[in-house]
Amino acid sequence: ILVNKDTRVIVQGFTGSQATLHSEQAIDYGTNIVGGITPGKGGQTHLGKPVFDTMDEAVKSVQPNASLIFVPAPFCKDSILEAAESGIELIVCITEGIPAKDEAEMYDILKKETKASLLGPNCPGLISPGKANVGIMPHEITLPGNIGVVSRSGTLTYQAVHELTNLNIGQSTC
């Protein structure tokens, strides 16, 4: 189980349109979003949460232990590494279209130099039904339970979760 009600999530790219939409939904679901990062907008408030210019500022102020990334592809490598270097151990990257070279470089750095785990990029994130939604998983198709669902495909994850829920088989994390 990677996330629960105690997971303290920081959203990178927080004030962008997609991050705003999915952060609002996550907050309504009960996910503990403690703030966000948007360079140049530090000191503001967004969705009732503080906005920071850097991960280091956020870590010192609100002590997140997970990061959710909605940053455009050209900036994802830097955002992921910034999260890992600031001590975040669970990084969830929704963004698609990140250059393969950037992904290979990130993987090597994360593996050799940090304790961070990266889910994604180009993924729907993860949900622990009834506890936390760190990404874009539709909570309406989930049911709390004890079955874990892992897939290489976001769409197939949705389908598997929906089928399990229809059979009244709950999930622990998807």
Nearest heavy-atom pair of [X] and [Y]: which atoms, and what distance?
X	Y	value
Ser172	Pro129	O-CD, 3.4 Å
Pro64	Ala58	CD-O, 3.6 Å
Phe14	Pro50	CE2-O, 4.4 Å
Ile141	His162	CG2-ND1, 3.8 Å
Cys93	Cys123	O-SG, 3.5 Å
Gly35	Lys49	CA-CB, 3.8 Å

Side chain to side chain contact (heavy atoms under 4.5 Å, CB included) for Ile69 and Cys76? Distances and angles first, verdict last.
CA-CA 8 Å; Ile69 299 180; Cys76 271; 4.2 Å; yes
Treating [X] as the side-chain partner and [Y] as the backbone partner, does any N or O pair qualify as donor plus acceptor under 3.5 Å?
X	Y	answer
Ser128	Val3	yes
Thr15	Thr38	no
Ser117	Leu90	no
Glu113	Ile109	no
Gln12	Ser79	yes
Asp53	Gly42	yes
Asn133	Pro138	no
Gln171	Leu143	yes
Tyr29	Gly130	yes

In terms of hydrophobic clustering (I, L, V, M, F, W, Y; side-chain heavy atoms under 4.5 Å; direct or indirect links), are [X] and [Y] co-clustered?
X	Y	result
Ile33	Met55	no
Leu119	Met106	no
Val92	Ile98	no
Val59	Leu81	yes
Val9	Ile27	yes

Are any non-hydrogen side-chain atoms of [X] and [Y] less than 4.5 angstrom apart?
X	Y	answer
Val51	Thr45	no
Thr173	Ile127	no
Pro39	Ile37	yes
Met137	Leu126	no
Thr95	Asn122	no
His22	Phe70	yes

Let's go through Phe52 and Val62 carefully: what are the C-alpha distance in whole Å and the side-chain angles of both, what is the deciding distance for side chain to side chain contact (heavy atoms under 4.5 Å, CB included) to 0.1 Å, and is it a yes or a no?
CA-CA 10 Å; Phe52 303 93; Val62 295; 3.9 Å; yes
Interatomic distance, [X] atom [atom1] to [Y] atom [atom2] [nearest 0.5 angstrom]:
X	Y	atom1	atom2	result
Thr165	Glu140	OG1	CD	11.0 Å
Asn65	Arg8	CG	CZ	7.5 Å
Leu118	Leu110	CG	CG	6.0 Å
Ser86	Lys60	OG	NZ	10.5 Å
Ile94	Gln18	CD1	CD	10.5 Å
Ser67	Ile80	OG	CD1	8.5 Å

Trace of the side chain to side chain contact (heavy atoms under 4.5 Å, CB included) decision for Leu68 with Ile10:
CA-CA 6 Å; Leu68 174 59; Ile10 193 83; over 6 Å; no
Do Gln25 and Thr31 get their side chains close enough for a donor-acceptor pair, meaning under 3.5 Å?
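No, no side-chain donor-acceptor pair sits under 3.5 Å.
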What do you reckon, is CD of Glu96 surrounded by more than 12 foreign heavy atoms closer than 6.0 Å?
no
Pair Asn32, Thr7 - check side chain to side chain contact (heavy atoms under 4.5 Å, CB included), show working.
CA-CA 6 Å; Asn32 187 16; Thr7 303; 6.0 Å; no
